[in-house]
Amino acid sequence: MDDARHDTKPGDPQVNPEAKKMGKGGLEVCEGGKEGVGSAEVTENGTAETPLIKAETETTGKKEEGGEEEKKMTKEGEEDEAGGKGGKAGDSPERRKDQNQNTNTTEKVEGRGVGVGGGGATATAAKEDNETTQEDEEEEEDEEEDDMFGSLSAFTGEVLSTLGTPADPLSSEERSPRPLSLNGSDLTSTMRLLQDLMTFDEDDPEVTFCPGPLDGQGRLAIMSHLLAALVTTLDAQHLRRLASRIMSDTCLWVSRLFRHFESTAYIHEDVREGVVRVCRMLLHARYPRLASEGFQALYARPPVIYTTSTARPGLPTHLANMLGLGSGCVRVVPCNSVVGSPLAMDVAALDRMMVEDSAAQKKPLLVIANAGGGALGGVDSVGRILELCNAHDAWLHVEGHALAALTLPNTPNLPAKIGDSMTLPLSLWLGIPSLPYVTLYKAQETSAVHSAGLTALSLHTRLSCLPLWTTLMTLGQSGVVSRFQHAFEMSQHLQLHLSTLPRIRLLSPAPLEGSRMISIQDLVNKPISTAQLLETVSGSVVFQYVEEISGGSGGGVAIPGKNSDYYDNLNSWLGQVVRRDVGTIPLELVQLETAGLVLRWSPLEGPDTHHITLADLDHLIDSLHHQLDILNATVEQRKTFTELVSSATNLQLVEIPGWAGLGGVRYLADLWLDQDTFTPANRADINALNVHLVSQLKATDSAFSLSEGADGLNCVRFGMVTAETDLSDLLSLVISTGKEIEKSSRFLDQMTDIVRKGIEAATEDLKRENEERLWQEGILRHVPIVGSVYNWFSPPPPPGIKGRTLDLTAGVLESTENIYRYHMQIRHGTAPTRAETKLPPAPSIQTPVTPSASSPSHSRSSSTTSALTPGSTHSRNASENQPVIPQQDGKMAAVSANGVPSPPLPVAVQGQ
């Protein structure tokens with residue numbers, strides 16, 4: 001038996017095992033995960049209350065025995081107060097032993113005092129010291145019990161301090177999953193691993209994650225979860241009383257806030273669990289034999305559930321799976337296509353479906369309507385749907401952000417005609433983390449409510465409604481309403497400004513043109529119907545940049561339908577840039593099937609919405625104005641850009657996937673202009689040429705960048721521009737730079753061809769000369785031993801030509817006798833000076849070497865291209881080569897860094 005039960009006094013009244021009912025549905029508190037039957041049945045792990053009463057009786061008996069022992073010790077002359085306290089049932093055997101030892105010591109002291117003659121005063125002092133020691137021990141034990149919150153606070157602070165201390169990421173071995181250790185791990189290692197898992201991601205180790213900022217209400221909600229787990233250690237009977245109080249207060253506050261008075265609240269963790277439990281309650285209420293017969297009770301008239309097409313994704317399938325009804329029992333109602341808002345449910349189609357199902361011997365069970373939910377925040381005609389539900393005896397369940405507006409009117413006693421049940425994500429709306437969901441519903445028969453599990457509150461793990469109770473308690477009604485009102489005012493303010501911007505299409509519901517604008521303050525002060533209230537507020541702002549066609553009065557008309565891929569890229573760029581400029585407002589990009597990529601902001605979904613001011617919103621609007629000017633200029637300049645690129649000879653227009661700028665251009669050399677398809681070698685040369693082109697252009701303007709087109713070839717990428725940008729100058733710069741690179745590359749190719757042909761010619765000449773020399777000197781001179789004797793009798797003639805030299809400037813292959821004889825080289829194409837009038841004779845052999853006419857003007861061999869990394873071959877080779885200038889005689893000469901022509905580079909080929 002726990003210590004809390006030992007403290008029960010004999011005179012305390014015993015609580016009836018039948019718990020008190022709360023509301024129409026009652027409250028069933030279960031511990032250990034087991035649910036009882038009946039609104040007042042309370043169980044603890046499936047056992048009755050008899051052990052608790054027996055424990056209290058045993059405790060009372062122990063206290064009575066302690067009292068008799070106290071009287072006995074008093075009669076024997078022992079200490080009155082110390083002996084009485086020592087006989088309590090709560091004292092431990094060790095403490096009693098210490099007290100007995102203290103008593104014996106006191107008796108000895110008293111005996112000595114009698115023998116000495118002064119023992120009366122000594123015995124009295126010893127008795128007082130003993131009493132003081134026992135009181136100090138009792139105070140220390142009481143302090144330990146009372147300091148439980150202090151010790152828990154210190155422990156929590158230590159753990160949070162450990163998690164908040166920066167640390168390096170763990171190795172993959174340390175953070176990898178492993179079997180449970182035999183002896184466990186210490187707290188430091190456990191917290192270190194938890195810190196690493198919270199801070200770092202194995203897939204992206206460079207990114208660091210940390211919990212979001214919390215205000216006072218957020219910290220209170222987090223602390224309430226700790227208290228919700230702590231209260232489960234209380235006495236079971238007291239815990240049930242505490243849970244009943246917390247739950248009843250929460251249900252009362254929420255139902256009055258949303259003016260749904262005749263309702264009961266169900267607290268749950270999953271957003272879909274509320275409507276699932278409501279459906280189960282309806283099944284048990286409409287089919288009384290469902291509990292006994294099961295699915296056979298549904299066979300005669302199967303139930304049908306209707307949901308709007310703008311409801312939460314996956315909700316129809318989830319309902320069918322959780323209820324076991326099958327997908328055929330859940331029908332999706334389309335939105336309006338002709339009359340009414342395209343985001344609202346088609347009420348006429350719903351009426352036809354319900355009539356058809358009733359004629360087919362099916363029972364319309366429940367309709368799920370949308371009030372500001374989904375990506376676009378559409379609002380269904382709740383009033384008309386409610387009339388249809390009443391006519392067909394169906395249940396109406398409503399979800400959406402617009403339900404938060406039910407708290408705005410200053411008429412707390414006027415009920416809201418909204419439906420039979422609603423799900424409220426208060427954690428999302430209030431911007432406070434980890435609050436549970438609340439589903440308000442009109443209670444049916446008690447048996448149906450309990451069969452659906454709507455009143456079960458499990459206390460085995462924690463008191464789940466405690467964080468919501470503390471939040472509502474501290475905020476109060478005005479605090480909750482002020483947050484909702486601020487969110488709706490922010491949304492309305494942004495919508496009014498977006499509606500005036502050109503090329504901006506508002507997709508979220510907005511007031512009709514010509515209708516009087518109703519402010520949020522009017523909703524608070526003036527009486528208004530529930531239907532008009534839901535249609536006035538907007539919990540989400542959804543917009544996109546669209547294409548326009550010119551109108552008659554000079555304006556533009558937005559093209560209806562889905563945006564093109566290019567305009568999706570523009571919206572993506574707009575969202576990223578604005579979100580970077582205005583970080584306080586979390587704009588998100590959402591892909592819609594019917595509209596394409598859109599920008600969305602929901603003030604009721606942000607944790608820091610109540611901190612956003614009108615100044616932050618004006619900053620967002622100014623940023624939108626500035627970026628829209630760039631978008632409009634880019635769209636207009638893109639037409640001119642396409643025309644200029646099409647008219648240029650060496651430029652090719654390239655579509656870049658996912659790029660929002662002007663587009664891309666690819667420079668093509670003259671050799672490739674007539675080719676429809678490119679070989680792998682040509683593709684590598686084109687990529688290398690454009691890589692080098694971009695590197696040269698970046699030295700002039702950093703706005704140029706390299707990209708890859710849809711065909712896999714590199715190109716020059718052009719980004720966003722303004723109205724003052726001169727595209728003709730930019731494209732002229734691209735063409736001129738490409739021509740220079742192409743010309744430099746052509747000269748390098750010609751030099752390569754000259755060197756190759758010169759080496760081939762020199763090799764052939766030397767081979768021929770060696771053969772002629774062999775026949776002239778005779779074969780005997782080259783025979784071993786014999787040749788030495790022959791050369792001794794008949795010396796060989798002196799050596800003649802030593803080899804060949806290649807003049808790259810003149811393109812002439814010459815013999816080398818003048819170089820070896822006069823130790824000098826003559827430059828071709830220059831007139832001799834006066835000191836150089838006497839020159840050596842011309843070489844005996846001069847063979848002109850010229851590049852072939854069919855050599856490509858810009859090419860690389862496959863071996864050269866493949867030997868180097870792709871995309872860097874042309875850039876590296878061209879940057880290392882010297883630029884060239886034409887000579888007067890039409891020949892090309894190398895130019896040094898200072899602009900002075902360099903001397904020709906001879907290539908000598910020695911003979912054998």
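Basis for what follows: all heavy atoms, side chains included, without hydrogens, waters or symmetry-related copies.
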Enquirer: Keeping to residues at least two apart or across chains, list the salt bridge (charged side-chain N to carboxylate O under 4.0 Å, His left out) pairs with something in residues 331-350.
Expert: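 As it turns out, the salt bridge (charged side-chain N to carboxylate O under 4.0 Å, His left out) pairs with a partner in residues 331-350, which skip direct neighbours, are R331-D357.
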Enquirer: Run the salt bridge (Lys or Arg N to Asp or Glu O under 4.0 Å) test against K442 and tell me which residues pass, sequence neighbours left out.
Expert: D420
Enquirer: Kindly write out the residues that satisfy salt bridge (Lys or Arg N to Asp or Glu O under 4.0 Å) with E387, not counting sequence neighbours, or none if the list is empty.
Expert: none
Enquirer: Please name all residues satisfying side-chain contact (heavy atoms from CB on, under 4.5 Å) with A660, sequence neighbours left out, ordered by chain then number.
Expert: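 So A660 forms a side-chain contact (heavy atoms from CB on, under 4.5 Å) with N569, L570, W573, M720.
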Enquirer: Does Y545 reach the side chain of V635, with side-chain heavy atoms less than 4.5 Å apart?
Expert: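 They are in contact (side-chain heavy atoms under 4.5 Å apart), so the answer is yes.
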Enquirer: Sequence neighbours left out, what passes ring-ring contact (aromatic ring centres under 6.0 Å, His included) with Y266? Give chain and number order.
Expert: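 Partners of Y266 under the ring-ring contact (aromatic ring centres under 6.0 Å, His included) test: H268.
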Enquirer: Output side-chain donor-acceptor pairs under 3.5 Å for residues 422-437, partner residues at least two apart or in another chain, one line each.
Expert:
{"from": "T423", "atom 1": "OG1", "to": "H397", "atom 2": "NE2", "distance (Å)": "3.1"}
{"from": "T423", "atom 1": "OG1", "to": "T439", "atom 2": "OG1", "distance (Å)": "3.4"}
{"from": "S427", "atom 1": "OG", "to": "I432", "atom 2": "O", "distance (Å)": "2.5"}
{"from": "S427", "atom 1": "OG", "to": "S434", "atom 2": "N", "distance (Å)": "3.4"}
{"from": "S427", "atom 1": "OG", "to": "L435", "atom 2": "N", "distance (Å)": "3.4"}
{"from": "W429", "atom 1": "NE1", "to": "H401", "atom 2": "ND1", "distance (Å)": "3.0"}
{"from": "S434", "atom 1": "OG", "to": "H225", "atom 2": "NE2", "distance (Å)": "2.8"}

Enquirer: Tell me every residue that passes side-chain contact (heavy atoms from CB on, under 4.5 Å) with N563, counting only those two or more places apart in sequence or in another chain.
Expert: Q544, V546, Y567, D568, N571
Enquirer: Once salt bridge (Lys or Arg N to Asp or Glu O under 4.0 Å) is applied, do any residues pair with R259, and if so which ones, sequence neighbours excluded?
Expert: none
Enquirer: Run the side-chain contact (heavy atoms from CB on, under 4.5 Å) test against P586 and tell me which residues pass, sequence neighbours left out.
Expert: W601
Enquirer: If only side-chain N and O atoms count, and only distance matters, is there a donor-acceptor pair under 3.5 Å linking Q495 with S499?
Expert: no
Enquirer: Is a donor on one side and an acceptor on the other found under 3.5 Å between the side chain of S491 and the backbone of S538?
Expert: yes
Enquirer: For D215, what residues pass the salt bridge (Lys or Arg N to Asp or Glu O under 4.0 Å) criterion, not counting sequence neighbours?
Expert: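 Partners of D215 by the salt bridge (Lys or Arg N to Asp or Glu O under 4.0 Å) criterion, ordered by chain and then number, come out as R483.
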Enquirer: I need the full list of salt bridge (charged side-chain N to carboxylate O under 4.0 Å, His left out) pairs touching residues 592-604, with sequence neighbours left out, sorted by first then second residue.
Expert: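 Non-adjacent pairs meeting salt bridge (charged side-chain N to carboxylate O under 4.0 Å, His left out): E588-R600, R600-E605.
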Enquirer: Would a distance-only check, ignoring hydrogens and angles, find a side-chain to backbone donor-acceptor pair under 3.5 Å from S602 to G539?
Expert: yes
Enquirer: Of all residues at least two apart in sequence or in a different chain, which pass the side-chain contact (heavy atoms from CB on, under 4.5 Å) check with L252?
Expert: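 With neighbours one apart ignored, the set is R256.
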Enquirer: So does V347 get a backbone contact from the side chain of R384, meaning a donor-acceptor N/O pair under 3.5 Å?
Expert: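 Flag not set: sc R384 to bb V347 has no pair under 3.5 Å.
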Enquirer: Counting only N and O atoms by type, is there a donor-acceptor contact under 3.5 Å from the side chain of H260 to the main-chain atoms of G419?
Expert: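 Yes.
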Enquirer: Is the shortest side-chain N to carboxylate O distance from K562 to E547 below 4.0 Å?
Expert: no
